[in-house]
Amino acid sequence: MDPGQLAVRERNILALERRGFPGPGAKERAIREELGLAPVRYYQLLNALLDDPHALAADPVTVNRLRRIRESRRAER
């Protein structure tokens with residue numbers, strides 16, 4: 001699959017997830033400033049993206065890491 005099958009916003013979400021953030025609030029600030037999204041909407045889009053096979057093909061390391069985190073959080077509930 002071609003990573004070009006992802007929309008620009010989806011590629012930007014994955015790129016943001018690859019980055020590290022120095023402290024609390026830094027990621028939320030980047031979400032607002034760089035993507036123009038409210039953090040709640042960002043996480044909704046990210047969660048849907050984790051189930052998208054195009055996202056997995058475009059960035060398997062990031063998607064699989066985030067899937068593992070999501071599954072471990074679900075298991076804690």
Side-chain angles (χ1 to χ4, degrees):
M1 285 185 200
D2 179 16
Q5 293 175 319
L6 289 178
V8 172
R9 179 168 70 176
E10 293 167 330
R11 289 195 304 268
N12 290 340
I13 288 171
L14 290 175
L16 194 119
E17 283 300 319
R18 284 192 298 271
R19 291 170 33 196
F21 292 93
K27 184 175 184 178
E28 285 72 17
R29 196 165 32 259
I31 290 167
R32 283 191 181 93
E33 291 173 2
E34 296 173 27
L35 302 177
L37 294 169
V40 169
R41 181 66 182 141
Y42 171 84
Y43 288 110
Q44 289 170 338
L45 292 169
L46 175 61
N47 196 47
L49 198 53
L50 295 183
D51 297 323
D52 185 336
H54 299 295
L56 181 62
D59 193 345
V61 173
T62 302
V63 171
N64 283 323
R65 176 179 57 83
L66 294 170
R67 283 179 175 178
R68 283 191 302 273
I69 292 168
R70 180 175 69 177
E71 290 307 312
S72 69
R73 288 183 179 156
R74 284 181 179 167
E76 290 173 4
R77 292 181 191 161

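Throughout, numbering of the chain's residues begins at 1 and tracks the sequence.
You'll find the side chain of L37 reaches within 4.5 Å of the side chain of R9, heavy atoms only. In this structure, L46 and R70 have side chains that are not in contact, with every pair of non-hydrogen atoms separated by 4.5 Å or more.
Around the CZ atom of R73, the shell of radius 6.0 Å holds no more than 12 heavy atoms that belong to other residues, nucleotides or ligands.
Ion pairing of E71 with R74 is present here, as a side-chain N (NZ or NE/NH1/NH2) and a carboxylate O approach within less than 4.0 Å. A salt bridge does not link E34 with K27: every distance from a Lys NZ or Arg NE/NH1/NH2 to an Asp or Glu carboxylate oxygen is 4.0 Å or more.
Rounded to the nearest 0.5 Å, atoms CZ (R32) and OH (Y42) are 13.0 Å apart. Distance check, rounded to the nearest 0.5 Å: CZ of R68 to CZ of R65 gives 8.0 Å. How far CG of L45 is from CD1 of I13: 4.5 Å, rounded to the nearest 0.5 Å.
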Residue pair L6, L14: steps toward the side-chain contact (heavy atoms from CB on, under 4.5 Å) verdict: CA-CA 10 Å; L6 289 178; L14 290 175; 3.8 Å; yes
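Tested against L66 for a side chain to side chain contact (heavy atoms under 4.5 Å, CB included), the candidates D59, L50, N47 yield a single pass: L50.
Scanning all heavy atoms of the two residues, the minimum distance from A30 to F21 falls at CB-CE2, 3.7 Å. P22 approaches A26 most closely through the heavy-atom pair CD-CB, 3.8 Å. When every heavy atom of R67 is checked against every heavy atom of D51, the shortest pair comes out as NH2-CA, 4.1 Å. For the residue pair Y43 and I31, the shortest heavy atom distance occurs at OH-CD1, 4.1 Å.
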